[in-house]
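Worksheet for the structure shown next.
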Amino acid sequence: MSDLENNVEETLPEDYRSGVVAVVGRPNVGKSTLINRTLRQKIAIVSPKPQTTQRRQLGIFTDERAQILFVDTPGLHAPQHKLGEYMVKTAESAFRDADVILLVLDASAMPERGDELIAGTVERLRAGTPVILALNKADLLTPQNYEPNIAAHEALIPHEEAFVLSAFTGEGVDELINALIEKLPQGPRYYPADELSDVNMRFIAAEVIREKIMLLTEKEIPYSVAVEIDSYKERSDDMTYISAVIYVERDSQKGIVIGKGGDMIKKVGSDARAELAKIVGTKIFLDLRVKVLKNWRSDEKLMQRLGYRIKDED
């Protein structure tokens with residue numbers, strides 16, 4: 001261990017806490033929004049479409065009391081293809097290493113069959129791990145449906161605590177963080193205090209581009225898109241060059257992503273460039289190409305090529 005790491009540990013209080021919080025829930029309940037709110041910076045892409053998160057990503061919250069490693073998982077759902085199976089396995093595998101399971105539910109509506117199924121999955125896989133409920137979207141509750149909605153969600157699964165909150169406005173998030181810290185074991189910092197994620201900029205760039213496609217296109221397009229960064233170069237102190245390939249499954253999808261006269265791909269590039277410039281802190285030269293990779297979501301070899309790999313079970 002380096003002298004720097006020793007110095008960091010020596011300055012931490014004796015009761016410093018650290019651990020893994022697995023963030024699970026149905027698609028589109030606000031898991032990524034909640035993590036971004038907690039970290040006060042965007043590390044996970046967000047869209048109103050379900051299944052936005054496709055891979056496991058680490059969000060690192062650090063303060064003077066604790067370091068929380070949030071594992072943002074794909075939404076649990078009934079898989080329709082190999083990619084869907086990968087997403088569900090990725091979400092379920094997060095349970096193994098978790099010190100706390102944070103089940104995020106959409107409290108703005110009464111629970112549906114899907115909520116009951118995911119609660120059953122969590123109960124089956126929890127293996128004694130404490131469960132805390134994040135009853136999200138409180139900003140959409142009304143005086144009439146507040147009590148019945150909250151009561152119905154709390155009845156879904158035995159849990160340690162439940163917090164009514166809004167990841168969108170920040171209401172109730174600090175109270176949730178305090179409760180999570182209390183549940184973590186004593187331990188060191190595993191990452192530097194200023195580190196927010198374990199992913200590199202190539203991954204973030206690919207996710208930002210994919211997010212813009214999800215926001216700008218409709219129907220089946222978002223779920224058939226993968227983005228691969230084939231070049232990421234800091235050409236100068238104020239210019240970063242990024243070259244990316246956008247893969248779709250069919251020729252018709254390629255036409256939609258490119259758009260009439262190239263208008264859609266230009267809009268995707270403009271929006272992605274603006275956001276990446278804020279993240280990177282330089283101007284961005286973004287080169288986008290669209291290619292067809294037929295049925296990649298159902299081909300394990302193609303998925304591995306695009307970076308979808310699930311950790312082998314111990």
Side-chain angles (χ1 to χ4, degrees), residues 32 42-47 49-57 72 74 79-87 90 197-236 239-310:
S32 297
K42 181 175 179 178
I43 67 153
I45 70 171
V46 176
S47 92
K49 297 179 173 67
Q51 301 174 33
T52 299
T53 300
Q54 293 183 342
R55 314 185 203 190
R56 190 161 68 174
Q57 182 176 352
D72 183 16
Q80 304 296 320
H81 39 63
K82 290 293 183 182
L83 176 60
E85 292 175 7
Y86 163 87
M87 291 165 66
T90 298
S197 181
D198 64 335
V199 298
N200 58 31
M201 278 308 306
R202 295 174 75 98
F203 178 92
I204 292 174
E207 288 290 270
V208 167
I209 295 166
R210 189 168 67 87
E211 177 192 55
K212 302 314 173 188
I213 296 169
M214 294 193 74
L215 291 171
L216 292 169
T217 59
E218 299 294 336
K219 297 183 180 178
E220 82 282 2
I221 297 300
Y223 316 112
S224 303
V225 167
V227 178
E228 183 178 38
I229 304 297
D230 55 14
S231 182
Y232 186 104
K233 297 178 180 178
E234 298 174 357
R235 287 190 166 173
S236 67
M239 175 60 73
T240 301
Y241 171 83
I242 302 172
S243 174
V245 180
I246 299 167
Y247 290 107
V248 294
E249 293 188 309
R250 297 194 296 274
D251 290 327
S252 59
Q253 295 168 344
K254 178 179 179 180
I256 294 171
V257 173
I258 293 174
K260 186 177 180 180
D263 56 349
M264 178 60 74
I265 196 67
K266 289 177 184 176
K267 178 62 174 171
V268 169
S270 175
D271 289 359
R273 202 160 39 241
E275 181 157 336
L276 287 169
K278 293 178 183 178
I279 296 172
V280 176
T282 71
K283 295 178 182 177
I284 301 293
F285 185 95
L286 185 58
D287 180 20
L288 298 179
R289 288 164 291 146
V290 185
K291 294 184 178 181
V292 176
L293 199 59
K294 291 188 182 296
N295 301 320
W296 69 265
R297 290 183 299 168
S298 299
D299 188 316
E300 290 185 357
K301 290 184 178 179
L302 291 179
M303 287 174 56
Q304 289 178 0
R305 167 184 158 184
L306 295 172
Y308 293 93
R309 294 182 177 88
I310 191 161

Would Val268 and Val257 count as a side-chain contact (heavy atoms from CB on, under 4.5 Å) here? Give the steps. CA-CA 9 Å; Val268 169; Val257 173; 5.7 Å; no
Are the side chains of Ile284 and Ile242 in touch, meaning some heavy atoms are under 4.5 Å apart? yes
In this structure, CG of Leu286 is separated from CG of Leu276 (nearest 0.5 Å) by 7.0 Å
Applying side chain to side chain contact (heavy atoms under 4.5 Å, CB included), name anything that partners Ala206, two or more places apart in sequence or on another chain. Val227, Ile229
With sequence neighbours excluded, residues passing side chain to side chain contact (heavy atoms under 4.5 Å, CB included) with Asp251: Val292, Lys294
When rounded to the nearest 0.5 angstrom, what distance separates NZ in Lys283 from CZ in Arg235? 14.5 Å
Side chain to side chain contact (heavy atoms under 4.5 Å, CB included) partners for Lys278, two or more places apart: none
Separation of Leu288 CG from Ile265 CD1 (nearest 0.5 Å): 5.0 Å
Gap between atom CZ of Arg202 and atom OG of Ser231 - 0.5 Å precision: 7.0 Å
With rounding to the nearest 0.5 Å, note down the distance linking CZ in Arg250 to CG in Leu293. 13.5 Å
Side chain to side chain donor-acceptor pair (under 3.5 Å) filter on Lys266, not counting sequence neighbours, yields none
Scan for ring pair (Phe, Tyr, Trp, His ring centres under 6.0 Å) pairs involving residues 250-295, sequence neighbours excluded, and state none if there are none. Tyr241-Phe285
Give, for atom CD1 of Ile204 and atom CD of Glu211, the distance between the pair rounded to the nearest 0.5 Å. 12.0 Å
4.5 Å side-chain heavy-atom contact, Val245 and Arg289: yes
Listed by chain and number, what are the side chain to side chain contact (heavy atoms under 4.5 Å, CB included) partners of Lys267, not counting sequence neighbours? Leu216, Asp271
